[in-house]
2 protein chains.
Amino acid sequence: MAETRPGDTRERILDAAERLFMAHGYEGTSMRQITSEAQVNLAAVNYHFGSKESLMQEVFRRRLDWLNEERLRVLRALKAEAEGRPLKPSQIVDGFFGTLLRMGSDERRGGMTFLRLLGRTLTEPSEFIRAFLAHEYQEVTDCYKEELFRALPDVPKAEIVWRFHFMLGATAFAIAGTDELRLVTDWQIEADDATDRLDRLLPRLMSFLLGGLRAPLPQFRDAAGDGR
Amino acid sequence: MAETRPGDTRERILDAAERLFMAHGYEGTSMRQITSEAQVNLAAVNYHFGSKESLMQEVFRRRLDWLNEERLRVLRALKAEAEGRPLKPSQIVDGFFGTLLRMGSDERRGGMTFLRLLGRTLTEPSEFIRAFLAHEYQEVTDCYKEELFRALPDVPKAEIVWRFHFMLGATAFAIAGTDELRLVTDWQIEADDATDRLDRLLPRLMSFLLGGLRAPLPQFRDAAGDGR
DNA sequence: CGTTAGTTCATACGTTCGTTTGAATCATAG
DNA sequence: CTATGATTCAAACGAACGTATGAACTAACG
């Protein structure tokens with residue numbers, strides 16, 4: 001067993017693939033781009049990962065395994081503190097989406113690069129990627145959904161599921177295009193680093209998500225008027 | 001000038017491309033798939049559109065030109081009815097996002113196929129696509145943003161822009177994955193046609209968007225508690 | 001030391017990609 | 001009818017794709 005410098009080539013490939021998949025998508029990134037950026041031989045990907053598909057899965061597994069565990073940790077802590085009483089919706093939303101967004105400040109977990117990759121991949125067309133992500137996400141997502149059911153006993157479960165879906169969409173889009181707000185506005189954002197951007201995004205997104213989650217149910221079609 | 005049957009081959013290509021781009025993405029769809037599905041010769045795309053990129057742009061332009069006009073029509077009608085007074089946020093949100101979603105029921109405008117394509121493409125990695133969409137969208141989007149500024153004079157414009165972005169994300173995700181709610185839940189949705197799905201989606205999304213838009217501003221980090 | 005197992009390397013395989021070409025086909029105008 | 005210009009067609013182009021191969025290299029073990 002030689003094991004020259006274990007995890008050196010592998011990690012370099014994963015880092016390069018993460019960056020390139022984020023920038024150009026799965027189909028738009030070639031093995032030659034990846035191995036060139038990682039400064040390893042072309043055959044290294046197939047040697048270490050078997051195929052491009054397996055590489056893609058490993059890129060996500062490396063980050064999502066930690067995210068899943070962290071989310072469960074946070075949820076357990078919240079439930080322990082609540083001592084049997086239902087959690088507040090704001091706690092649940094922050095536990096699920098806040099934990100995700102705070103990943104963007106942690107360079108050891110992929111930082112903004114992975115965050116943006118994940119946001120984009122949730123609407124990725126490739127069949128196997130969506131299937132893989134659904135499988136990786138299902139368990140923890142169900143735990144948080146259950147907690148939302150408990151926190152909002154008067155809201156039909158189906159409505160909560162819809163709104164969870166909407167929250168996921170707003171979050172995915174927000175992290176996928178953070179530095180391309182130009183798509184929706186020409187409002188100039190000062191060029192600062194990703195962490196600062198996250199600091200401004202997080203509280204705003206949280207209040208938006210909570211506002212949407214707690215909006216009046218669409219029974220008779222907005223009888224209340226506008227308000228503000 | 002011969003002009004055999006004008007717009008027959010062209011339309012068939014556009015229809016096939018729309019379907020395939022929706023299902024497999026831009027990079028994941030080949031010219032041979034497109035021409036095969038459209039039952040036209042391989043060279044027909046380059047003859048009629050010049051390149052794959054130009055075809056993609058034409059696929060969107062065919063639908064977005066109408067959407068932009070319709071959105072402006074709706075906005076003008078609302079403003080005429082209001083006679084100078086600011087519009088209600090619910091009117092603006094319905095004018096912008098409701099008009100988009102109702103496109104999904106209109107088979108002549110691409111129906112759900114184009115709607116899902118558009119939702120996915122908003123997070124598409126390809127550079128030229130985002131640039132093109134931003135250009136096509138900018139003008140009308142700015143009009144609606146201006147109207148939101150007027151409707152919510154006490155809310156800082158920057159906050160409105162952020163929330164407009166969040167609303168766009170929730171909408172894009174909702175229409176991109178309508179029949180793949182499984183990503184976030186195993187809740188079974190009965191298999192019905194796209195229009196029925198839209199009927200259930202539209203009021204729910206609208207109330208969510210309005211709830212998010214009118215949520216309390218994130219000043220001191222959610223001092224109000226949860227409520228429901 | 002030599003052996004061995006793990007890793008890297010240059011190179012090539014077969015396929016598919018977007019695009020181009022020039023001849024064949026078609027409908028109309030003169 | 002022939003002539004004309006737009007369209008369709010089969011075929012091919014070079015380039016890039018993901019993957020496979022077998023030899024070279026490296027470091028620890030017996």
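To find a chain, count down the sequence lines: A is the first, B the second, and so on, and within it residues start at 1.
Atom P of nucleotide dT7(D) and atom CZ of Phe49(B) are separated by 12 Å, given to the nearest angstrom. Between Asn41(B) atom CG and dC9(D) atom P the separation is 5 Å, expressed in whole Å. Note: CG (Leu42(B)) to P (dT7(D)) measures 18 Å, nearest angstrom. Straight-line distance from the CE atom of Met56(A) to the C1' atom of dC17(D): 17 Å, rounded to whole Å. Atom CD1 of Ile13(B) and atom C1' of dT7(D) are 11 Å apart (whole Å). Look at CG on Asn46(A): it is 18 Å from P on dA12(C), rounded to the nearest Å. Rounded to a whole Å, the OH atom of Tyr47(A) is 15 Å from the P atom of dT21(D). One interatomic measurement links the two molecules: NE2 of His48(B) to P of dG18(C), which rounds to 18 Å at whole-angstrom precision.
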Polar atom pairs (N or O), protein with nucleotides 23-25 of chain C, under 3.5 Å:
none

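Side-chain atoms of Ser51(B) lie closest to dT19(C) of the nucleotides dT8(D), dT19(C), dT8(C). Across dT19(C), dT8(C), dG18(D), the shortest atom-to-atom separation from the side chain of Lys52(A) is found for dG18(D). Among dA12(D), dT7(C), dT8(D), the nucleotide with an atom closest to any side-chain atom of Thr9(B) is dT8(D). Looking at the side chain of Ala43(A), the nearest of the listed nucleotides dA20(D), dT8(C), dT19(D) is dA20(D).
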Report task. Determine, stepwise, if the pair Arg163(A) / Ser207(B) fulfils side-chain hydrogen bond (donor to acceptor under 3.5 Å, both in side chains). Result -> CA-CA 10 Å; Arg163(A) 293 183 173 192; Ser207(B) 92; 2.9 Å; yes
Q.
Checking Ile34(B) against Leu55(B) for the side-chain contact (heavy atoms from CB on, under 4.5 Å) test, could you report, in this order, the C-alpha distance in whole Å, the side-chain angles of both residues, the deciding distance, and whether it holds?
A. CA-CA 11 Å; Ile34(B) 295 171; Leu55(B) 169 62; 3.9 Å; yes
Parsed dot-bracket for DNA chain D after applying the Watson-Crick and G-U rules with both distances under 3.5 Å and | for other-strand partners is ||||||||||||||||||||||||||||||
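Atoms CZ and CZ, on Arg120(B) and Arg120(A) in that order, are 15.5 Å from each other to the nearest 0.5 Å. Within the model, atoms CZ of Phe60(B) and CZ of Phe21(B) stand 8.5 Å from one another, a figure rounded to the nearest 0.5 Å. Atom CG of Leu115(B) sits about 4.0 Å away from atom CD1 of Ile175(B), to the nearest 0.5 Å. Taking CZ from Arg63(A) and CG from Leu14(A), the interatomic distance works out to 8.0 Å, rounded to the nearest 0.5 Å. To the nearest 0.5 Å, the span separating CE on Met167(A) from CZ on Phe166(B) amounts to 14.0 Å.
The side chain to side chain donor-acceptor pair (under 3.5 Å) with Arg19(B) is formed by just one residue from the set His24(B), Gln33(B), Glu37(B); it is Glu37(B).
Seen from the ring of Tyr26(A), Lys52(A) counts as a face-on cation partner, given the 6.0 Å and 45° thresholds.
Between Thr171(B) and Leu101(B), the closest side-chain pair of non-hydrogen atoms falls below 4.5 Å.
The closest donor-acceptor contact from the side chain of Thr121(B) to the backbone of Glu124(B) lies at 3.5 Å or more, if one exists at all.
Contacts of residues 26-39 of chain A with DNA chain D (heavy atom under 4.0 Å): Thr29(A), Ser30(A), Met31(A), Arg32(A).
Between Asp15(B) and Arg12(B) there is no salt bridge, since none of the side-chain N atoms of the basic residue sits less than 4.0 Å from a carboxylate O of the acidic one.
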